[in-house]
Novice: 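Okay, handing you the structure first.
In what follows, chains are A, B, ... by sequence order, proteins preceding strands, each numbered from 1.
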Amino acid sequence: MTSIDAPLTPAAPASEAPGALDAAEAPEASAAFEAPALPTPPAELHGPVLAWFDRHARDLPWRHPEAGAWGVMVSEFMLQQTPVVRVLPVYEQWLARWPRPADLAADAPGEAVRAWGRLGYPRRALRLHAAAVAIKERHGGDVPSDHGQLLALPGIGEYTAAAVASFAYGQRHAVLDTNVRRVFARAATGVQYPPNATTAAERRLARALLPADEATASRWAAASMELGALVCTAKNEDCGRCPISGQCAWRLSGKPAHDGPPRRGQTYAGTDRQVRGRLLAVLRESTEPVAQAVLDKVWDEPVQRARALDGLVADGLVEPLDGGLYRLPVA
DNA sequence: CAGCCGTGGTC
DNA sequence: TGACCAAGGCT
């Protein structure tokens with residue numbers, strides 16, 4: 001049985017003991033030669049951000065102790081590129097139906113895809129199911145607490161492994177998601193946006209900013225992420241509500257606009273992804289196998305339509321049957 | 001490592 | 001209205 005180490009929700013007033021919020025451990029000190037000098041000592045950021053988090057953290061279900069490590073893990077999968085508001089209802093249904101990894105592992109992968117609904121990127125549902133199977137086989141049904149073992153699970157990368165270890169097990173990890181990267185880019189580096197891909201410099205910076213104490217580091221990870229999600233947003237950031245606006249390198253330098261190559265922006269209309277989405281939507285709605293002729297109606301252009309369907313089959317999201325029938329994967 | 005993988009809301 | 005964005009991962 002797994003459980004959350006410490007509730008992330010308020011109640012306790014922020015301990016202002018500066019000693020407990022000290023900078024990172026010794027090994028990082030040598031790397032500091034390559035790293036740009038921090039405009040503000042880490043400890044002067046921890047207090048304000050943690051205090052702000054105590055007051056303003058959202059009351060999200062996966063932050064409750066009863067969510068357990070499985071709840072945290074499910075939420076992290078669903079939150080990969082999908083906003084909180086859309087995750088909430090699906091999360092509740094998911095945990096009610098599959099309260100433990102073994103429960104999901106015992107069901108068909110296609111049921112996970114169906115329950116995923118319109119969260120997007122349905123391969124995540126497939127990977128979450130595969131991860132549940134692996135957890136049952138390799139870890140006796142309990143979500144592992146070891147970072148390396150988490151990283152070895154399908155669908156869990158650098159971010160999610162750190163997030164589960166930190167949020168579910170209270171460990172000390174640099175949790176670098178898009179929110180944290182943006183907060184650090186602005187507050188510490190002084191630029192509007194982080195690079196497109198996570199860099200070694202960002203990891204170094206995140207480690208340097210990590211509180212030494214394990215429990216504080218865990219709260220810091222959640223707090224810095226929440227700050228990026230609620231205040232230091234990509235557009236229309238609200239510096240007036242930011243607890244570290246007075247120390248923000250970007251703001252102090254006049255909030256210069258992002259320079260360099262334009263940030264990635266991909267169109268959706270007319271792409272294979274749109275076709276795949278339509279095909280899968282039909283299959284999700286049907287308990288019975290669907291005839292090819294029915295699927296053909298979702299898209300006019302036959303070459304792209306066939307390519308999209310083939311792709312779904314290749315990805316394991318769709319199972320072809322004899323007689324031109326298709327369904328969500330049973331095995 | 002750049003490109004791909006869904007979906008819906010916002011400005 | 002179209003482009004951007006949302007707790008990434010995989011190849």
Novice: Once you round it to whole Å, what is the distance between P of dA7(C) and CG of L150(A)?
Specialist: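 Checked: the CG to P distance equals 21 Å.
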Novice: Please enumerate all residues that pass side chain to side chain donor-acceptor pair (under 3.5 Å) together with Q192(A), with sequence neighbours excluded.
Specialist: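 In terms of side chain to side chain donor-acceptor pair (under 3.5 Å), with neighbours along the sequence ignored, Q192(A) is linked to no residue.
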Novice: Starting the side chain at C-beta, find the nucleotide from dC5(C), dC5(B), dA7(C) nearest to Y121(A).
Specialist: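 So the side chain of Y121(A) is nearest to dC5(B).
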Novice: Any side-chain N or O of R124(A) below 4.0 angstrom from OP1/OP2 of dC5(B)?
Specialist: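 So the side-chain polar atoms of R124(A) never come under 4.0 Å of the phosphate oxygens OP1 or OP2 of dC5(B).
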Novice: Could you say whether R276(A) or N236(A) is positioned toward the 5' end of DNA chain B, judged by the nucleotide with the nearest heavy atom to each?
Specialist: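 In this pair, the answer is R276(A).
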Novice: Between atom CZ in R182(A) and atom C1' in dG8(C), what is the gap in whole Å?
Specialist: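 Computing the R182(A):CZ to dG8(C):C1' distance gives 14 Å.
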Novice: Do T160(A) and Q80(A) meet the criterion of a side-chain donor-acceptor pair at a distance under 3.5 Å?
Specialist: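 Their side chains do contain a donor-acceptor pair, which is all the 3.5 Å distance test asks for.
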Novice: Answer with base, sugar-phosphate or nothing: what part of the nucleic acid does L280(A) contact at a heavy-atom distance below 4.0 Å?
Specialist: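 It contacts nothing in the nucleic acid.
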Novice: Tabulate protein N/O versus nucleotide N/O from nucleotides 9-11 of chain C, keeping only pairs under 3.5 Å, one per line.
Specialist:
from	atom 1	to	atom 2	distance (Å)
dG9(C)	OP1	G157(A)	N	2.9
dG9(C)	OP1	T160(A)	N	2.9
dG9(C)	OP1	T160(A)	OG1	2.4
dG9(C)	OP2	Y159(A)	N	3.3
dC10(C)	OP1	G155(A)	N	3.0

Novice: Charged N to carboxylate O below 4.0 Å: is that the case for R307(A) and D310(A)?
Specialist: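 Looking at R307(A) and D310(A), the cut-off is not met.
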Novice: Round to the nearest Å and state the distance from D238(A) atom CG to dC11(B) atom P.
Specialist: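 Result: 13 Å.
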Novice: Using OP1 and OP2 only, check whether a side-chain N or O of Q81(A) sits under 4.0 Å from dA6(C).
Specialist: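 The answer is no; no side-chain N or O of Q81(A) sits under 4.0 Å from OP1 or OP2.
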Novice: Closest nucleotide of DNA chain B for G117(A) versus for K235(A): which of these residues is on the 5' side?
Specialist: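 In this pair, the answer is G117(A).
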Novice: In whole angstroms, how far is the C1' atom of dG6(B) from the CE atom of M78(A)?
Specialist: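 After rounding, the reported distance stands at 15 Å.
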Novice: With sugar-phosphate meaning primed atoms plus P, OP1 and OP2, does R284(A) contact a base, only sugar-phosphate, or nothing at under 4.0 Å between heavy atoms?
Specialist: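 It contacts sugar-phosphate atoms only.
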Novice: Among pairs that include at least one residue of residues 288-300 of chain A, which meet salt bridge (Lys or Arg N to Asp or Glu O under 4.0 Å), considering only residues two or more places apart or in two chains?
Specialist: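 Pairs touching residues 288-300 of chain A that pass the test: D296(A)-R305(A).
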Novice: Does a side-chain heavy-atom distance below 4.5 Å link L210(A) with W220(A)?
Specialist: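 They are in contact (side-chain heavy atoms under 4.5 Å apart), so the answer is yes.
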Novice: It should be established whether R86(A) places a side-chain nitrogen or oxygen under 4.0 Å from OP1 or OP2 of nucleotide dG8(B).
Specialist: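 Answer no for this pair, as no side-chain N or O of R86(A) is under 4.0 Å from OP1 or OP2.
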Novice: Counting Watson-Crick and G-U wobble pairs whose two distances are both under 3.5 Å, find the runs of 3 or more in a row that involve DNA chain B.
Specialist: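 Expected stems, ordered by start: B:2-5 with C:8-11, B:7-10 with C:3-6.
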Novice: How far apart are the closest heavy atoms of W70(A) and P101(A), and which atoms are they?
Specialist: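 For W70(A) versus P101(A), the nearest heavy atoms are CE3-CG, 3.6 Å.
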Novice: Could you state the CG-P distance from N196(A) to dC5(C), rounded to the nearest angstrom?
Specialist: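 In whole Å, dC5(C) P and N196(A) CG are 10 Å from each other.
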Novice: Would you give the length of the straight line joining atom CD1 of I244(A) to atom NE2 of H46(A), rounded to the nearest 0.5 angstrom?
Specialist: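 These two atoms lie 9.5 Å from each other.
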Novice: How far, in whole Å, is dA7(C) from dC11(B) if one measures between their P atoms?
Specialist: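 Going atom to atom, P in each nucleotide, I get 15 Å.
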Novice: Partners of H173(A) by ring-ring contact (aromatic ring centres under 6.0 Å, His included), sequence neighbours excluded?
Specialist: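 ring-ring contact (aromatic ring centres under 6.0 Å, His included) check on H173(A) returns H147(A).
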Novice: Round to a whole Å and report the spacing from CZ of R63(A) to C1' of dA7(C).
Specialist: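 Rounded to whole Å, this separation is 10 Å.
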Novice: Separation of R58(A) atom CZ from dA6(C) atom P, in whole Å?
Specialist: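 My rounded result for the distance is 12 Å.
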Novice: Rounding to an integer number of angstrom, what distance separates dC1(B) and dT11(C) when you compare their C1' atoms?
Specialist: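 Pairwise C1' distance, dC1(B) against dT11(C), rounds to 10 Å.
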Novice: Considering only atom P, compute the distance from dC4(B) to dC4(C) and round it to an integer number of Å.
Specialist: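 Result for the P pair: 16 Å, nearest Å.
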Novice: Can you find a side-chain donor-acceptor pair between E76(A) and Y159(A) that sits under 3.5 Å?
Specialist: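 Side chains of E76(A) and Y159(A): pair found under 3.5 Å.
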Novice: Between the base of dG8(C) and the side chain of T178(A), is one N or O donor paired with an acceptor at under 3.5 angstrom?
Specialist: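 No.
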Novice: With sequence neighbours left out, what residues match D107(A) under side chain to side chain donor-acceptor pair (under 3.5 Å)?
Specialist: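 Scan of D107(A) (side chain to side chain donor-acceptor pair (under 3.5 Å), adjacent residues dropped) gives W98(A).
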Novice: What is the separation between atom CZ on R273(A) and atom C1' on dG3(B), rounded to the nearest whole Å?
Specialist: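 Those two atoms, CZ and C1', are 10 Å apart.
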